[in-house]
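Report on one structure; see the data block that follows.
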There are 2 protein chains.
Amino acid sequence: MPFGVSVMILRYALLGLLSDEPASGYDLKKKITDSSILYWSGNNQQVYRTLIQLEQEGLVSHQVFAQEHLPAKKVYSLTEQGLTELKVWIRSTPELPATRTPFLIQLTWAGLLNDEELYRLLEKYEGEVREELAMQQEKARRLGLASQGTSSRSAFLRGKITENVLSFYGNELNWIRRLRRDIDAAGGYQDELRSQAS
Amino acid sequence: MPFGVSVMILRYALLGLLSDEPASGYDLKKKITDSSILYWSGNNQQVYRTLIQLEQEGLVSHQVFAQEHLPAKKVYSLTEQGLTELKVWIRSTPELPATRTPFLIQLTWAGLLNDEELYRLLEKYEGEVREELAMQQEKARRLGLASQGTSSRSAFLRGKITENVLSFYGNELNWIRRLRRDIDAAGGYQDELRSQAS
DNA sequence: TTGGCCATGTAATATGTTACATGATTCC
DNA sequence: GGAATCATGTAACATATTACATGGCCAA
């Protein structure tokens with residue numbers, strides 16, 4: 001069974017979420033969408049289909065709950081076997097992060113733009129990163145409040161994960177600011193920059 | 001035409017590479033594989049298919065060159081229209097980087113592991129990041145030597161792109177080191193860590 | 001009364017990956 | 001003799017995304 005990278009991530013993310021508590025496909029999809037690190041594109045299909053597959057493999061099981069005025073729920077839980085498999089994966093050799101950053105590709109050929117166009121491109125990117133960082137900080141603040149009191153090892157690790165996300169955007173913001181400052185220092189947006197050696 | 005994110009990246013990466021100089025599909029695929037930011041999975045199919053598509057759209061054209069003892073080459077060049085389209089894209093609003101980091105997902109549920117298992121997981125990850133950073137530094141050094149003398153705006157920007165990649169791994173390395181130090185400071189790998197408030 | 005939330009799912013399409021075919025050449 | 005490089009491509013499969021269907025409830 002040749003599971004691709006992101007399918008695998010989804011599989012184990014689902015097992016992980018179900019190790020916290022039983023949940024329906026709908027719930028799980030929302031949790032994934034809300035998560036900063038489980039980046040996903042509003043796509044419930046994969047969640048539903050993956051759950052069915054996981055059930056066939058005996059890693060999860062479900063119970064149907066009827067509801068008044070609302071569609072019935074399939075509430076999934078982790079099986080013993082599922083927990084075992086989840087642990088095996090968590091212990092396995094971690095992969096390096098894979099980053100897709102279209103902006104760096106734009107920048108690679110941004111030499112084709114004129115000074116003003118380049119200025120605006122860099123400005124826009126800084127703005128976006130700044131906003132995203134602010135959003136993540138706000139999210140972290142709310143999450144921090146929610147987990148006050150819990151001081152288990154899990155809570156400690158989850159705090160560190162938040163820190164990772166924040167430091168990623170912080171690092172990116174510093175980089176783009178340095179870049180813009182260096183360009184300014186080299187005498188505005190002249191076509192030739194001699195500052196490269198520095 | 002609903003181009004997904006990464007297809008779009010491939011399209012414009014190809015146009016960009018061809019704006020540097022004409023090249024065959026084979027050459028382009030190698031350049032993409034070698035690139036730190038055009039992360040791809042040794043997959044020539046997409047390159048060949050995308051080139052054919054780009055040609056149908058009039059953004060690139062090709063000439064066939066016969067070679068002695070070697071298969072014929074299809075050397076692609078950027079058309080006027082292709083250059084225009086590339087510039088339009090470069091000027092367009094940049095997207096934020098999208099990062100897939102399976103390790104953070106492992107870590108989210110690493111509370112399920114015992115102390116020693118967690119220790120080994122963190123150690124392995126630090127090692128991997130350290131090695132990758134070293135590799136990227138080595139790559140940057142070689143690239144820096146190659147581009148000595150060129151002090152155009154393009155060269156300046158490409159230097160900054162390298163800096164971005166290095167600072168990404170540097171940041172990640174700092175984070176995992178801090179994490180491990182904090183755990184050590186909290187009295188080794190005890191099951192309960194009270195250091196969370198700090 | 002338009003739209004969003006709840007909840008699951010089908011169908012169609014788009015994208016990504018793997019395996020394999022060809023065939024001469026060069027390096028170990 | 002086996003593997004890697006050069007060079008393009010076909011076919012098959014795996015995975016991801018979009019659009020749509022259902023249908024009652026609730027809020028602006």
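Per chain, numbering begins at 1; letters A, B, ... match sequence-line order.
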Which residues share a salt bridge (charged side-chain N to carboxylate O under 4.0 Å, His left out) with Arg142(A), sequence neighbours left out: Glu138(A)

Tell me the bend of the helix from dT1(C)-dA28(D) to dC28(C)-dG1(D) as the angle between end helix axes, each from five pairs, rounded to the nearest 10 degrees. 40°

Minimal non-hydrogen separation, Gly170(B) against Leu133(B), with atom names: N-CD1, 4.0 Å

Position toward the 5' end of DNA chain D (nearest nucleotide), Arg49(B) or Arg100(B): Arg49(B)

Between P of dT17(D) and CG of Asn43(A), the distance in whole Å: 6 Å

Mind checking what makes ring-ring contact (aromatic ring centres under 6.0 Å, His included) contact with Trp175(B), not counting sequence neighbours? none

d(CD1, Ile52(A); C1', dT8(C)) in whole Å: 9 Å

Rounded to whole Å, the CG-P distance (Asn44(B) to dC6(D)) equals 13 Å

At under 4.0 Å, does any side-chain N or O of His69(A) touch on OP1 or OP2 of dC25(D)? yes

To the nearest Å, give me how far apart CG (Leu51(A)) and P (dT8(C)) are. 9 Å

Interatomic distance where CD belongs to Gln63(B) and C1' belongs to dA7(D) [whole Å]: 17 Å

Apply ring-ring contact (aromatic ring centres under 6.0 Å, His included) to Tyr169(A) and list each qualifying residue two or more places apart in sequence or on a separate chain. none

In whole angstrom, give the distance that lies between atom CD of Gln45(A) and atom C1' of dA12(C). 12 Å

Residues 70-83 of chain B, side-chain donor-acceptor partners within the protein, below 3.5 Å, at least two apart:
residue  : atom : partner  : partner atom : Å
Thr79(B) : OG1  : Gly58(B) : O            : 2.7
Thr79(B) : OG1  : Leu59(B) : O            : 3.0
Thr79(B) : OG1  : Gly82(B) : N            : 3.0

Mind checking what makes ring-ring contact (aromatic ring centres under 6.0 Å, His included) contact with Tyr125(A), not counting sequence neighbours? Phe103(A)

Send over the distance from Lys29(A) NZ to dA16(D) P, rounded to a whole Å. 16 Å

Lys30(A): what forms a side-chain hydrogen bond (donor to acceptor under 3.5 Å, both in side chains) with it, not counting sequence neighbours? none

So which nucleotide from dA16(D), dG9(D), dG24(D) ends up closest to the side chain of Gln46(A)? dA16(D)

Atom pairs, N/O to N/O, protein against nucleotides 4-7 of chain C, distance under 3.5 Å?
residue : atom : partner  : partner atom : Å
dC6(C)  : OP2  : Tyr26(A) : OH           : 3.2
dA7(C)  : OP1  : Gln67(A) : OE1          : 3.1
dA7(C)  : OP1  : Gln67(A) : NE2          : 3.0

Restricting to pairs with a member in residues 156-173 of chain A, which pass salt bridge (Lys or Arg N to Asp or Glu O under 4.0 Å), not counting sequence neighbours? Asp20(A)-Arg158(A), Lys160(A)-Glu163(A), Lys160(A)-Asp182(B), Glu163(A)-Arg178(B)

Glu116(A) bridged to Arg120(A) by N-O distance under 4.0 Å: yes

Give the rounded distance in Å between these two atoms: CG of Leu10(B) and C1' of dA14(C). 14 Å

